[in-house]
Amino acid sequence: MAEKIVILTGAGLSAESGLGTFRDAGGLWAQHRIEDVATPEGFARDPALVHAFYNARRQQAATATPNAAHIALARLQKNWPGEVILVSQNVDGLHESAGATALHMHGILAGALCAACGHRWPAPSEMRPQTPCPDCHAPAARPDVVWFGEMPYHMEEIDNHLRDCAMFAAIGTSGQVYPAAGFVVEAAQAGAETVELNLERTEISRAFDRHHIGPATDVVPRWVDGLLTGGARRLPFA
Ligand code: OAD
């Protein structure tokens, strides 16, 4: 059976589609306090502020288009003889716009979630406090994104994939947010080859076997081409 590849993606993958990262200079966390806009406590204190933050991001994501790196990953998922599992921390829908499917461990901007009953529905471009849940009618609509202090989605499924993959790659993520930052160690312990693709070295670079440094739109298509032409586990450039 052909080997399984698990690929973790982060904000750096969508940077060249015009969507800001979190921790680069001038990133989202330089402009907004995490505790105000990305925690359940912040939402309870000021839901209008939190909705405004995610409304702006939703509207920006809706006009963004997938870049060469998203497109290359979709090509890999389609053409690799084994499974390619994309696990994304990104809440934009650019993997799907490129024709791929991904496990969105931090949720999606395009989704709304009722904080009262757990019902999910497509988010309107503008969500407001007091928006009633279409199912239970409680005025408790929130973006279907995972905040700090909450459990990421799909964790059991992701752990299972990490345990039986032959290769684990992390693309455009700073490795500062757990549990995603710990995936490389989990995969390595299970015997996978590990590779990091990023604009620069990260705090967890030492945990990876190989590194491809450069913008995602350059290094990701070349890495994918190498996998698809070179077969199994050999990378085109080390
Ligand atoms: P970060 O903003 O922490 O890191 C972005 C990474 O992308 C950095 O390592 C950059 O070097 C790299 N990068 C930037 N531009 C790039 C490019 N053109 N090509 C390749 N790499 C590039 O974003 P994440 O690691 O995704 O969570 O952040 C993880 C989580 O922290 C997010 O999902 C979010 C955030 O707080 C929540 O909101 C719960």
Side-chain angles (χ1 to χ4, degrees), residues 7-43 49-51 53-58 60-61 64-73 86-95 98 102-109 111 113 142-155 158 168-184 195-208 210-224:
I7 302 172
L8 173 70
T9 64
L13 181 71
S14 296
E16 292 165 85
S17 291
L19 302 180
T21 63
F22 295 95
R23 294 176 183 79
D24 295 307
L28 282 169
W29 295 155
Q31 300 165 48
H32 305 270
R33 282 160 35 104
I34 288 179
E35 50 274 46
D36 288 343
V37 299
T39 62
E41 295 77 16
F43 186 61
L49 177 78
V50 176
H51 276 307
F53 174 73
Y54 287 99
N55 287 342
R57 295 189 58 206
R58 188 179 301 108
Q60 193 192 18
T65 52
N67 63 46
H70 296 102
I71 291 165
L73 293 176
L86 291 171
V87 177
S88 192
Q89 298 167 93
N90 297 344
V91 291
D92 61 56
L94 294 180
H95 280 304
L103 294 169
H104 284 276
M105 63 180 292
H106 289 171
I108 48 166
L109 284 168
L113 169 69
R142 55 167 281 182
D144 191 7
V145 298
V146 174
W147 287 324
F148 286 88
E150 297 181 323
M151 179 61 83
Y153 298 152
H154 311 298
M155 283 311 299
I158 294 167
F168 171 79
I171 303 177
T173 177
S174 61
Q176 293 193 42
V177 175
Y178 285 81
F183 290 173
V184 59
V195 53
E196 182 178 58
L197 299 94
N198 199 299
L199 204 48
E200 56 193 18
R201 288 183 74 87
T202 68
E203 288 186 8
I204 60 166
S205 284
R206 269 172 304 160
F208 290 85
R210 294 163 186 269
H211 305 89
H212 301 299
I213 303 287
T217 54
D218 175 28
V219 293
V220 175
R222 289 206 287 145
W223 176 68
V224 166

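Ligands are counted one by one from 1 in listed order, and the atoms in each one are counted from 1 as well. For this chain, numbers begin at 1 and follow the sequence in order.
- If you look at H106 next to ligand 1, the close heavy atoms, those under 4.0 Å, all belong to the side chain.
- Ligand 1 is approached by P215 to a heavy-atom distance shorter than 4.0 Å.
- The E16 neighbourhood of ligand 1 comprises atoms 17 (C), 18 (N), 19 (N), with distances under 4.0 Å to a heavy atom of that residue.
- Annotation for Q60 and G18: closest pair NE2-O, 3.3 Å, computed over non-hydrogen atoms.
- Below 4.0 Å from some heavy atom of G172 lie the following atoms of ligand 1, by number and element: 5 (C), 6 (C), 7 (O), 21 (N).
- Expressed to the nearest 0.5 Å, how far CE of M105 lies from CG of N90 amounts to 11.0 Å.
- Residue E200 places a heavy atom under 4.0 Å from ligand 1.
- Ligand 1 lies within reach of W29, whose nearest heavy atom is under 4.0 Å from it.
- Closest heavy-atom approach to atom 30 (C) of ligand 1 within the set T39, L197, V177, I213: this belongs to V177.
- Checking only distances, T202 never comes within under 3.5 Å of ligand 1, N or O to N or O.
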- Query: Are S14 and H70 close enough, and set up right, to give a side-chain hydrogen bond (donor to acceptor under 3.5 Å, both in side chains), and what steps lead you there?
  - Reply: CA-CA 8 Å; S14 296; H70 296 102; 3.2 Å; yes
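- Interface of V146 with ligand 1, defined as ligand atoms under 4.0 Å from a residue heavy atom, comprises 39 (C).
- If you number the atoms of ligand 1 from 1 as listed, the ones under 4.0 Å from a heavy atom of A15 come out as 15 (N).
- Distances below 4.0 Å separate heavy atoms of G10 from the following atoms of ligand 1: 26 (O).
- Of the candidates T173, V219, L199, it is T173 that places a heavy atom closest to atom 25 (O) of ligand 1.
- Ligand 1 has a nitrogen or oxygen under 3.5 angstrom from a nitrogen or oxygen of A11.
- Using a 30° and 60° split on the angle between ring planes, H51 and F43 fall in the perpendicular class, above 60°.
- Each of the atoms 2 (O), 23 (O), 28 (O), 32 (C), 34 (C), 35 (C) of ligand 1 lies under 4.0 Å from some heavy atom of F22.
- Listed by atom number, the atoms of ligand 1 under 4.0 Å from F148 heavy atoms are 36 (O), 37 (C), 38 (O), 39 (C).
- When all heavy atoms are compared, the tightest approach of H95 to L86 is ND1-CD1, 3.8 Å.
- The shortest N or O to N or O distance between N198 and ligand 1 is under 3.5 Å.
- Across every non-hydrogen atom of A64 and L94, the tightest pair is O-CD2, 3.7 Å.
- Not one N or O of W147 is nearer than 3.5 Å to an N or O of ligand 1, by distance alone.
- Under 4.0 Å from ligand 1, heavy atoms of T21 appear from its side chain as well as its backbone.
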